[in-house]
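What follows is a short report on a single structure.
No experiment lies behind these values; they were computed from the predicted model shown. Each residue takes its place number in the sequence, starting with 1.
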Amino acid sequence: RAFLAVIAMSIFAPILGIFLILRRQSLMSDTLSHVSLAGVAFGVVLGISPTISTVVVVLVAAIFLEYLRTIYKNFMEIGTAILMSTGLALSLIIMSRAGGRSSISLDQYLFGSIVTISQKQVIGLFIIAAVVVLLTLLFLRPMYILTFDEDTAFVDGLPVRAMSIAFNMLT
């Protein structure tokens, strides 16, 4: 399962990574990984699947990150730093409030092992890989225009804000 998970990630990570670097959003994935810890904490405290709660929290954070990007147009790093520290702090607060209700430590998620991945998660990774490849094939030209010049993309009639939010959510 670990080998299959690595194969799935090796399909979509470079595709997303290229656009993240060209859009000068390379810290976005790091920010979302910090925020995902809050999703894990919510899942543990609420007694639901940490995977599902993490996906929900990260999707909300991705949308909020795009909102911060529009507020701080020239200083994207500010929005990234705000969200990164908020996600980490929120996860620590939630887990400290849980007290003895949970036997799971956040350290298990921070320093986990890929060999503990479940079959459902591997299938999910392949679904993500298929979605990323399909969307890349369908929207390569519009993403290329959006990546290099948002003004040109807007003039060209592309839904710039919707595309940016969708890209953040996909990431």
Side-chain angles (χ1 to χ4, degrees), residues 5-6 8-99 101-114 116-118 121 124-125 127-129 131-132 135-136 143 146-150 153 160-171:
V6 169
M9 288 185 277
S10 69
I11 294 169
F12 66 82
I15 295 170
L16 295 175
I18 289 170
F19 289 109
L20 285 170
I21 289 170
L22 292 174
R23 295 183 75 190
R24 291 177 295 236
Q25 292 181 317
S26 57
L27 283 177
M28 184 174 75
S29 57
D30 190 35
T31 299
L32 295 177
S33 70
H34 282 73
V35 170
S36 71
L37 202 53
V40 170
F42 276 123
V44 167
V45 169
L46 297 175
I48 60 174
S49 168
T51 303
I52 293 170
S53 62
T54 298
V55 169
V56 171
V57 168
V58 169
L59 288 176
V60 170
I63 294 168
F64 187 64
L65 192 59
E66 182 60 27
Y67 171 72
L68 290 175
R69 192 173 81 87
T70 59
I71 292 174
Y72 303 112
K73 289 183 187 226
N74 297 325
F75 304 102
M76 177 57 188
E77 300 82 21
I78 293 173
T80 304
I82 290 169
L83 203 56
M84 186 183 301
S85 58
T86 301
L88 207 52
L90 192 59
S91 63
L92 293 174
I93 291 169
I94 293 167
M95 288 306 285
S96 70
R97 297 281 183 204
R101 285 188 277 166
S102 172
S103 63
I104 297 176
S105 167
L106 286 181
D107 289 344
Q108 292 172 338
Y109 288 95
L110 278 171
F111 307 107
S113 174
I114 195 165
T116 61
I117 194 165
S118 71
Q121 291 169 329
L125 286 172
I127 290 170
I128 292 170
V131 168
V132 169
L135 291 174
T136 302
M143 275 304 293
L146 178 70
T147 299
F148 286 104
D149 190 3
E150 285 190 14
V160 173
R161 194 63 47 226
M163 285 178 63
S164 290
I165 290 172
F167 177 73
N168 284 3
M169 291 173 68
L170 188 62
T171 299

Subject >> Steps toward side-chain contact (heavy atoms from CB on, under 4.5 Å) verdict (Val44, Met95) >> reply: CA-CA 8 Å; Val44 167; Met95 288 306 285; 4.0 Å; yes
Original post:
Does some side-chain heavy atom of Met169 sit less than 4.5 Å from a side-chain heavy atom of Ile165?
Top reply: yes
Original post:
Is there a donor-acceptor contact under 3.5 Å from the side chain of Thr80 to the main chain of Met28?
Top reply: no
Original post:
Can you tell me how far the CE atom of Met143 sits from the CD1 atom of Ile18, to the nearest 0.5 Å?
Top reply: 11.0 Å
Subject >> Heavy atoms from other residues, nucleotides or ligands near CG of Leu46 exceed 12 (cutoff 6.0 Å) >> reply: yes
Original post:
What are the two closest non-hydrogen atoms of Ala129 and Ala8, and how far apart are they?
Top reply: CB-O, 3.8 Å
Subject >> Intermediate values then yes/no, side-chain contact (heavy atoms from CB on, under 4.5 Å), Ser91 and Val40 >> reply: CA-CA 8 Å; Ser91 63; Val40 170; over 6 Å; no
Subject >> Gap between atom CG of Leu170 and atom CZ of Phe19 - 0.5 Å precision >> reply: 10.5 Å
Original post:
What closest approach, in Å, do Leu83 and Val35 show between heavy atoms, and which atom pair accounts for it?
Top reply: O-CG2, 3.6 Å
**OP:** Using modelled atom types only, decide if a donor and an acceptor are shared between the side chain of Ser164 and the backbone of Arg161 within a distance under 3.5 Å.
**Re:** no
Subject >> Heavy-atom side-chain contact between Leu90 and Phe42 under 4.5 Å >> reply: yes
Original post:
Can you name the nearest heavy-atom pair linking Gly39 to Ser53, along with the distance?
Top reply: O-OG, 2.5 Å
**OP:** Supply the atom-to-atom distance Leu16 CG to Ile21 CD1, rounded to the nearest 0.5 angstrom.
**Re:** 11.0 Å
Subject >> Closest non-hydrogen atom pair between Val160 and Leu146, with its separation >> reply: CG1-CD1, 3.5 Å
Original post:
Given side chains that start at C-beta, do those of Arg23 and Glu150 come closer than 4.5 Å, heavy atoms only?
Top reply: yes
**OP:** Output the distance between atom CG (Leu59) and atom OG1 (Thr171), rounded to the nearest 0.5 Å.
**Re:** 11.0 Å
Original post:
Is any side-chain heavy atom of Leu125 closer than 4.5 Å to a side-chain heavy atom of Ile117?
Top reply: yes
Original post:
What are the two closest heavy atoms between Asn168 and Leu32, and how far apart are they?
Top reply: O-CD1, 4.1 Å
**OP:** Answer yes or no: does atom CZ of Phe148 have more than 12 heavy-atom neighbours from other residues, nucleotides or ligands under 6.0 Å?
**Re:** yes
Original post:
Do Met84 and Asp30 come within less than 4.5 Å of each other through their side chains, counting heavy atoms only?
Top reply: yes
Original post:
Is any side-chain heavy atom of Val132 less than 4.5 Å from a side-chain heavy atom of Ile11?
Top reply: no
